[in-house]
A.B. asks: 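Can you keep this structure in mind? I'll have questions shortly.
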Amino acid sequence: MSQKEGNPHHDLADQAMSLEGRSGRIHAVEFTRKALLARRRYSLRLYIYLGFFLIFLIAVGVATSMMLTMDVVEKKLRFLEIANEYMLEIRQARRFEKNFFLHGTNLNDALENVYQAKQILNDNKEELGKIIGKDSQSIILFNFIRYEVLLKRLVDLEQTKRNNPDYPQRKKEVESELSRYGQEMVSLANHLMKKEKEALSEAILRSRHIHMYSLVFLLFFLVLNAYLLGSRILGTIGRFSVHAKRIGSGDFTPIPPGRRFRDEFTDLAIEINQMIRELESREAVLIQSHKMRAIGTLTAGVAHELNNPINNITITAHMLLEDYDHLSDEERKEMVRDVVNEAGRSKAIISDLLDFARESGTQLEPLDLPELLRETIHLASNQIRLSGINIELQSRGHLPRIHGDRQQLRQAFLNLILNAVDASSKGGKIQVLLVPADEPGYVAVKMVDFGSGIPEHTLDSIFDPFFTTKTSGKGTGLGLSVSQGIVAKHGGRILASSVQGKGSTFTVTLPVTTIPADIDSGDNLPGRPA
Amino acid sequence: MPVVTLSSDSHPLGREIAVRAATALGYDCVDREILKAVAERHDVPETDLHKALDESPSPFGISSKNHARYLAYIEEAALAVLLKDNVVCRGLAAHLYVRGISHVLKIRILADPQKLAGEISSGRTLSFEKASALLKRREGFRRRWSLAAYRVDETDPSVYDMVISLTRIDPDEAVKTIVETTGYRKFKPMTYSLKCLKDKALASRVRVTLMEQFPDVTVQADGSSVVVQTKALEREKQKRTEVIKKLAGEFPEVAAVEVQILPDIFRKAAESFR
Amino acid sequence: MAGKLELLLLDDEPIVGKRLKPALAKIGCNVEVFEDPKQALDRIHQKTFDIVVTDIRMDEIDGLEILEHVLRKSPRTKVIMITGYAMMAVAREAMEKGAYDFISKPFTPDDLRKVIAMAAQALGSPIDSETADPEEPSEPAETR
Ligand SMILES: Nc1ncnc2c1ncn2[C@@H]1O[C@H](COP(=O)(O)OP(=O)(O)OP(=O)(O)O)[C@@H](O)[C@H]1O
Ligand SMILES: [Mg+2]
């Protein structure tokens, strides 16, 4: 046993929508268009531009902060250089100072060095102040000036040592003081250098951190952006492909707004909705024209049936004319009565067909399936009898009503019945079973025939438009495709199974619905979560 | 007795078989010879009648209005002949309009493709490819012609009761087969099939009359009642109906005329654009 | 007029039998009317008819079956088939199976009388298809 599924189920809201018919659909499309356009525009292009702009901003930020830290480091380095020079001069001065005390050498060299150091201090006064603060700077300056003064005094002392009695005494005093301030000065400079070195390595470290963190941040941002952009595009594409599948299967509900903003996809959705409208109007034409074909098939049976009353009328009228004078009033009356009755009968025979042929807009109403099936079978009854086939309808238990379009469902079932008739040979049997479907909330109509069956390799194609195994005059291959379209619109599906040579079963599942009888177009468009 | 329509893709062959079958059956053989009378009766050039059977309407040849008219004349004449019974009707497109009548035996004679190619190219010898290309083209043309004129594909074998290919069957055998087949009870005329043929003949006569004024009419007859369909605008409806009823009512066989006027969508559209 | 023609008329439409019986009686037929093909078949097996007129399509038994039964019983019986909706294939099948003639509904009583007159002629016992006082002059029966 092989199976072929006609159509997936759709949710009831969709189906309710899809049933509103042409004018309803035009409204729905218009309404959806407005709904689609009513949102704030946030285009994909803007999003992409914005993303790149942000990345650029981040890069600029990173570069700037890097430049700033570089600058800091550079400054620190320069300061260290200065401090180093200063240190050197002071050290030199102190060395000369020591030599003076130890070997009595000239002090002028030391003074020279002190001048140099002073020059450095003065040149970099501003920067120094900024770096070490005014207090420390004044301390350094104080120490330095003190040292210089002392040194100068020592030079004076040395020049006047001959006429100064307490020269050694004074020299001793100045020496100790000098060494104190010298020490102080050197240690201060050392301290300064140490502090600066620390600051430098700190600045380098900071710049390294900035490097690292900004890279991590950039990565994070890129990933986030890629994710958001990707999910926006892919999500919408996914949604669209679901819609496309749904539309392909005959559900012509327009694509509703799915997000809080609109963008290029909205334009696409609007175009697709327009296309849906177009498609639907074409399908309506297709359904109608295939219906006319089915009616053509039925006319053969009806013509046969119709000829009987017409023949009765002809014969009776002729005999009445022929024998008028020899007949009693009663007999004449009887004959006229026969004519009247047969005329009524003719009318009854075609009225069904005329009713079915009437081109009516889609009308939704609660339908009693057994009744509908009985009507459909009746419609085809002449055809069925003409082919010498028995058809029986069984409906098990009480089944809830369904909601749908009477004409279209009749057409869908009629196509299946006519197919079964075509497949059966004279004396064959067709069973129409109405049972609850396996799924809750659905009813199933099974059309069972014991005819030729469908070979496995064609079972997949029978629902395709224009697939037919019948001769060109007999079949268009549109019957099943039209039926499937109609059933899909009602939220149902058709399932075919067949054993070649034994017969086929077509199962139509339809949802039993509790949708209110009157569905307004557009006004209560099924809202969908954004 | 049954009547036979015989058509062939080759004129000379078709004539040969038709004449021999008619002789064997003791029937008359009717073919394009009757076109002379038809031409005289309707006062049209005989060559144009031949052309209507062989060519499609074209701006240089026969206009489509005349094409349809000429074919209607031929149909009328051929049906009148067939109604006389005991006749083999060769060509005249009879196989395309005499359909669904059980006592009309429809035969198609297929000539040997090679000979046919020689015949079409008037004796020149063609290479196999060229010959088959030529035959393909001709078959395509005949298909289009018949579909355009009668909505029937004359190259489709299911149109005929019997297709005899002279590649495999001799003309003698073909004639014998035809004679034998006419003897089958199946093809015996009956009240019903005679009535159908009569209806067809009447319809075609009425159509010829109406066509002068209404080139697009279709006519169906059933006994003494006639149904005429034509396209017209709403405002012309009543007038046309009257004219048609009067014209068709002049036939003595016609007792009742029904006129169905279909809306002329094209003209309506054309007028609404004015 | 050499004896009466024994005629069986079978149609599941009651009016056909009811109205045609007197119509055919007028041209010298002894008509037995049936609506049920089974009963008709029983009768056919009992009695040999000159002419059987039967509808082709009936619910239980097909007119073609009746035709076969009749001809098996009596090959000389002329069977006239009536059909509501004639298709060429059915017409040819009926003729193939030996039907004498085939007419389609709707037909007038005169149509049938003409056919019956021809059948009677073929049987060798000609009758006059014209009734005693014809309402309108009808064409002479055609010969084929
Ligand atoms: N009950 C059946 N039994 C066997 N084959 C079937 C049955 N129903 C459908 N088919 C196959 O499926 C094909 C397609 O059916 P479908 O109704 O679409 O077209 P169709 O019947 O050929 O043409 P149309 O319905 O226009 O007359 C048929 O040609 C037939 O081969
Ligand atoms: Mg079908």
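Here is how names work: the chains are called A, B, and so on, in the same order as the sequence lines, proteins then strands, and each is numbered from 1. Values reported hereafter were calculated over all heavy atoms of this structure, with side chains retained and with hydrogens, waters and symmetry mates removed.
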A.B. asks: Contact part of C:Ala99 toward chain B, heavy-atom cut-off under 4.5 Å: side chain, backbone, both or neither?
C.D. replies: backbone

A.B. asks: So which of C:Met88, C:Glu93, C:Lys97 has the biggest tally of heavy-atom pairs under 4.5 Å with chain B?
C.D. replies: C:Met88

A.B. asks: Tell me if a side-chain donor or acceptor on B:Arg90 pairs with a main-chain N or O of B:Leu6 at a distance below 3.5 Å.
C.D. replies: no

A.B. asks: Please check: side-chain N/O of B:Thr230 versus main-chain N/O of B:Val217, any donor-acceptor pairing under 3.5 Å?
C.D. replies: no

A.B. asks: Compute both the distance and the angle, then confirm whether B:Lys195 meets the cation-pi test with C:Phe102: under 6.0 Å from the six-membered ring centre, within 45 degrees of the axis.
C.D. replies: no

A.B. asks: Check side-chain contact (heavy atoms from CB on, under 4.5 Å) between B:Arg99 and all other residues, then give those that pass, not counting sequence neighbours.
C.D. replies: B:Val152, B:Val159

A.B. asks: Sort by residue number and list every member of residues 243-255 of chain B having a non-hydrogen atom under 4.5 Å from chain C.
C.D. replies: none

A.B. asks: Spell out, as yes or no, whether a donor-acceptor pair under 3.5 Å connects the side chain of B:Arg143 to the backbone of B:Asp156.
C.D. replies: no

A.B. asks: Can you list the steps and then say if C:Glu13 with C:Lys105 is a salt bridge (Lys or Arg N to Asp or Glu O under 4.0 Å)?
C.D. replies: CA-CA 12 Å; C:Glu13 294 284 322; C:Lys105 283 182 182 176; 5.6 Å; no

A.B. asks: Please check: side-chain N/O of B:Ser193 versus main-chain N/O of B:Pro189, any donor-acceptor pairing under 3.5 Å?
C.D. replies: no

